[in-house]
There are 2 protein chains.
Amino acid sequence: MQITSRFTVALHIFTCVEVFKDDHKVTSDFLAGSINTNPVIIRKILTQLKNADLITIARGTGGITVNRPLSEITFYDVYRAIEPVENGDLFHFHESPNPECPVGRNIHMLLDGKLKAAQSAMEDELKKHTLEDLKNEALDLIASEK
Amino acid sequence: MQITSRFTVALHIFTCVEVFKDDHKVTSDFLAGSINTNPVIIRKILTQLKNADLITIARGTGGITVNRPLSEITFYDVYRAIEPVENGDLFHFHESPNPECPVGRNIHMLLDGKLKAAQSAMEDELKKHTLEDLKNEALDLIASEK
DNA sequence: ACCGTTGTAACTCTTGAAATTACAGCGCTT
DNA sequence: AAGCGCTGTAATTTCAAGAGTTACAACGGT
């Protein structure tokens, strides 16, 4: 199992918004073109980002505004906005171990902490990168192409 | 998206093998009872563990033997044996960003390293725990029940 | 009032996990 | 050598979710 591509799509969206906002109106159609997918997919992701209060979307006109300074939005914020994982658990535990078995009734207690730690390690790593980093690195890369 | 419950099932299996090996013959039926699932599910997971050279399975008689000292098998070893993630990538990247877009053709280079780092952080955390830890903690927990 | 855009519902396609049934193959045990 | 318990595995079903697509109502500048 893998984490949905919606996450990388969301990061792609933010990058496009920042790189192109002065030159184009960044619409879901425009984004769909860069990401090479369907505009509706983009709109659904934008809705999730809006619900997480990360962006504002203008109806009628179209156009996306980021609500907070880029330096205050981490990859983790985007991840949490996008991944609707139940309880936020990365690891899916088998549902109903047998309570009459000594191992079965204790297995959760044995593993939960360790799995949570592994998940947190990943999430903490995501917190290290902000959208500002992403924007700057994108601009550098594009500039160096010439 | 979540990591399959097969991973926690595999850890559950190892725990049972260690806790019960002197008292019962640990068969896929027995394990299925503790884990509360179907014996065939167990056998498939056992096959994966066998292919990864972690265990040996006796045909005819039934019974599972762990191939290495428990202290030398980490959660990560089990994870890798179980999770058939393509390329081993935790994050699924959107397939085909538009190469004609400056962002589209650079997005992989921008994100790959960061995503890999997040994945590695999680995996390194899994490497910190061995099956020996798991066994000892299980025995402690069970003993403290009485 | 028009037009470009967003918001959403409804549907399809595909994939994969999980569960289940069925049965062949293996190897002790007697 | 025959029986029995167990493993190995194929085939099938069920279910959930991601991804893509079509269609259309709602919004808001021009």
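Convention: sequence-line order gives letters A, B, ...; per-chain numbering from 1. Quick note: numbers below take in every heavy atom, side chains included, and nothing from hydrogens, waters or symmetry partners.
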* Asked: Is there a side-chain polar atom (N or O) of Lys50(A) under 4.0 Å from OP1 or OP2 of dT6(C)?
  -> no
* Asked: Hey, which of these two, Val40(A) or Ser5(A), hits DNA chain D nearer its 5' end, going by closest nucleotide?
  -> Ser5(A)
* Think Thr37(B) has a side-chain N or O under 4.0 angstrom from the OP1 or OP2 of dA19(C)? -> yes
* Structure fact -> When rounded to whole Å, the CD to C1' distance for the pair Gln48(A) and dT8(C) reads 14 Å
* **Rounded interatomic separation in angstrom, taking CD from Glu95(B) and C1' from dG20(D)** => 13 Å
* Map Thr4(A) and Arg43(B) onto DNA chain D by nearest heavy atom, then report which one ends up closer to the 5' terminus. => Arg43(B)
* dT15(C) C1' sits how many Å from His92(B) NE2, rounded? -> 11 Å
* To do: Using a strict 4.0 Å threshold on nitrogen-to-oxygen distance, state whether Lys116(B) and Asp89(B) make a salt bridge.
  => yes
* Structure fact -> Taking dC27(D), dT7(D), dT20(C) as options, the one with an atom nearest any side-chain atom of Arg59(A) is dC27(D)
* Asked: Is the shortest side-chain N to carboxylate O distance from Arg80(A) to Glu83(A) below 4.0 Å?
  -> no
* Structure fact -> Taken to the nearest whole Å, CD1/Ile35(A) to P/dG18(D) is 17 Å
* What integer distance in Å separates Ile45(B):CD1 from dA18(C):P? -> 8 Å
* Between Lys128(B) and Glu125(B), is the closest basic N to carboxylate O distance under 4.0 Å? -> yes
* Can Glu137(B) and Lys114(A) be counted as an ion pair, charged N to O under 4.0 angstrom? -> yes
* Taking OP1 and OP2 of dT7(D), is either one under 4.0 Å from a side-chain nitrogen or oxygen of Thr47(B)? -> no
* Asked: What is the distance from CZ of Phe91(B) to P of dG18(D), rounded to the nearest Å?
  -> 16 Å
* To do: May I have the distance from Lys25(B) (atom NZ) to dG27(C) (atom P), rounded to whole angstrom?
  => 14 Å
* Asked: Side chain of Ile57(B): nearest nucleotide among dG8(D), dT6(C), dT20(C)?
  -> dG8(D)
* Asked: What's the CG-P distance between Asn38(B) and dA17(C), to the nearest Å?
  -> 16 Å
* Euclidean distance, Leu11(B) CG relative to Phe75(B) CZ, rounded to 0.5 Å -> 5.0 Å
